[in-house]
Amino acid sequence: MKILAAIGRNVSCQRIRLYSTYVTQMRHLFELKEEDEACRRALSRGTFYLFHRLTPFLEKVGNKYSAPQIYGKDLARFLVKMGFEGDKMMEDSVLIGCSDNCVADFALDLGALEKSTVETELKGKFTDLRKAFFLLDGTDAPLLSRAQALLRWHDTHQFCSKTGQPTKKNVAGSKRVCSANGHIYYPQMSPVIITLVSNEEHCLLARQDSFPKGLYTAIAGFCDIGETLEEAVRREVAEEVGLEVQSMKYSGSQHWPFPNSSLMFACQAKVQPHAQLSVNKLELESARWFNVSELEEALNREHTPSKSDDDTTQIWVPPRWAIAHQLIQEWVREQRAGTGSRTYRS
């Protein structure tokens with residue numbers, strides 16, 4: 001009862017101890033999102049991931065890359081050194097999470113500063129987020145994904161769609177409020193299906209001409225208004241590769257920051273064993289069937305693909321933490337275990 005009473009009085013995370021660390025974190029984040037002053041206090045104690053015009057800051061230690069976290073007090077001093085009011089500029093940040101000890105994580109875009117100067121001072125490099133996903137492990141990548149999506153949303157929603165007047169974000173960046181009528185806007189995500197199509201012995205991967213050479217992935221597309229996920233899967237597969245889905249199963253979900261923040265619903269889908277491909281060239285550059293051995297080799301490949309790669313014979317798949325990678329890995333594992341023929345939902 002004492003714990004419940006403390007929660008009811010909105011006591012800060014540092015003063016209560018719940019049995020679940022997760023519950024403690026979520027209660028603390030809720031407080032920071034709802035109370036501007038609480039979030040403002042957390043800025044000086046928190047840590048920051050840095051961006052420059054939506055590209056994250058990375059540092060290389062040995063052969064590994066990471067997204068360094070900078071403490072609020074150190075960042076404030078750095079910003080003053082660069083000629084800005086540190087505390088004021090830090091309020092342009094967005095809250096993206098917190099540690100087990102309830103130290104808040106923020107993201108801040110330093111687009112107002114000279115890019116090369118920041119890179120020299122902090123000894124790192126701002127890197128395109130798609131490329132960063134191949135360089136980072138699964139620890140930093142989801143936070144950077146969330147951070148970029150929130151920063152982009154605030155950059156593109158500075159005016160009210162009803163009144164045309166400016167909107168103002170709260171300190172946490174969890175919402176924007178119209179200055180004229182008080183209407184509240186919250187960040188939103190678009191539902192997207194991503195589907196790994198397979199027959200009895202092969203699975204289908206596709207690519208667009210904007211991809212790095214040799215990179216293939218699962219079929220993906222936005223859900224239309226009024227569609228169910230199942231309907232979206234069947235439509236996208238029919239539109240893009242001319243195949244009719246016979247059965248499917250849900251595998252998981254993941255936030256994806258491109259193009260403007262999406263929620264990816266991942267599925268495995270089955271088609272007839274000898275169904276013929278008919279690639280929609282308006283949507284895809286190519287699509288082809290792969291066997292288990294080819295995909296195992298691609299899953300284990302360490303090199304990062306780029307548009308300048310000359311070797312077009314090597315096949316690449318999305319980075320390890322991406323849900324497309326997990327779909328492919330799941331299919332390979334089931335094939336090797338002899339469960340690839342199990343029945344999916346019709």
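Of the charged side-chain nitrogens involved, at least one lies within less than 4.0 Å of a carboxylate oxygen, so that D74 and R77 count as a salt-bridged pair. Contact check on E231 versus R234 returns no salt bridge, with no Lys/Arg side-chain nitrogen under 4.0 Å from an Asp/Glu carboxylate oxygen. One finds no salt bridge joining E200 and K270 here, because no Lys/Arg side-chain nitrogen approaches an Asp/Glu carboxylate oxygen to under 4.0 Å. For E59 and K125, the salt-bridge test fails: no basic side-chain N is under 4.0 Å from an acidic carboxylate O.
Taking the six-membered ring wherever Trp is involved, the centroid distance between the rings of Y186 and W153 does not fall below 6.0 Å. Taking the six-membered ring for Trp, H183 and Y185 have ring centres closer than 6.0 Å.
Checking K175, Q158, R176, H157 one by one against T167, the side-chain hydrogen bond (donor to acceptor under 3.5 Å, both in side chains) holds for a single residue, R176.
D100 and T21 share no side-chain donor-acceptor pair at under 3.5 Å. Checked by atom type, the side-chain pair D105/Q69 shows a donor-acceptor distance below 3.5 Å. For S262 and H255, the side-chain atoms include no donor-acceptor pair closer than 3.5 Å.
Closest non-hydrogen pair, C267 versus L327, comes out as O-CD2, 3.7 Å. When every heavy atom of A112 is checked against every heavy atom of M89, the shortest pair comes out as CB-CE, 4.3 Å. Residues C98 and L29 share a closest heavy-atom pair of SG-CG, 3.9 Å. Taking both residues in full, the closest heavy atoms of Y49 and A67 are given as CE2-O, 3.4 Å, listed atom of the first, atom of the second, then distance. P318 and I328 get closest at one heavy-atom pair: CD-CD1, 4.4 Å.
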Using the ring pair (Phe, Tyr, Trp, His ring centres under 6.0 Å) rule, take W321 and F133 through it: C-alpha gap first, then chi angles, then the decisive distance, then the call.
CA-CA 8 Å; W321 76 276; F133 283 166; 4.8 Å; yes
Using side chain to side chain donor-acceptor pair (under 3.5 Å), reason through Q268 and S198 one step at a time and then give a plain yes or no.
CA-CA 8 Å; Q268 300 270 5; S198 65; 5.1 Å; no
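Both tests pass for R288 against the ring of F290: distance under 6.0 Å to the centre and angle within 45° of the axis.
Using cut-offs of 30° and 60° on the angle between ring planes, the pair H52 and F126 is tilted.
Atom CD1 of residue I96 and atom OG of residue S174 lie 14.0 Å apart, to the nearest 0.5 angstrom.
Residues L79 and D87 have side chains not in contact (no heavy-atom distance under 4.5 Å, counting atoms from C-beta outward).
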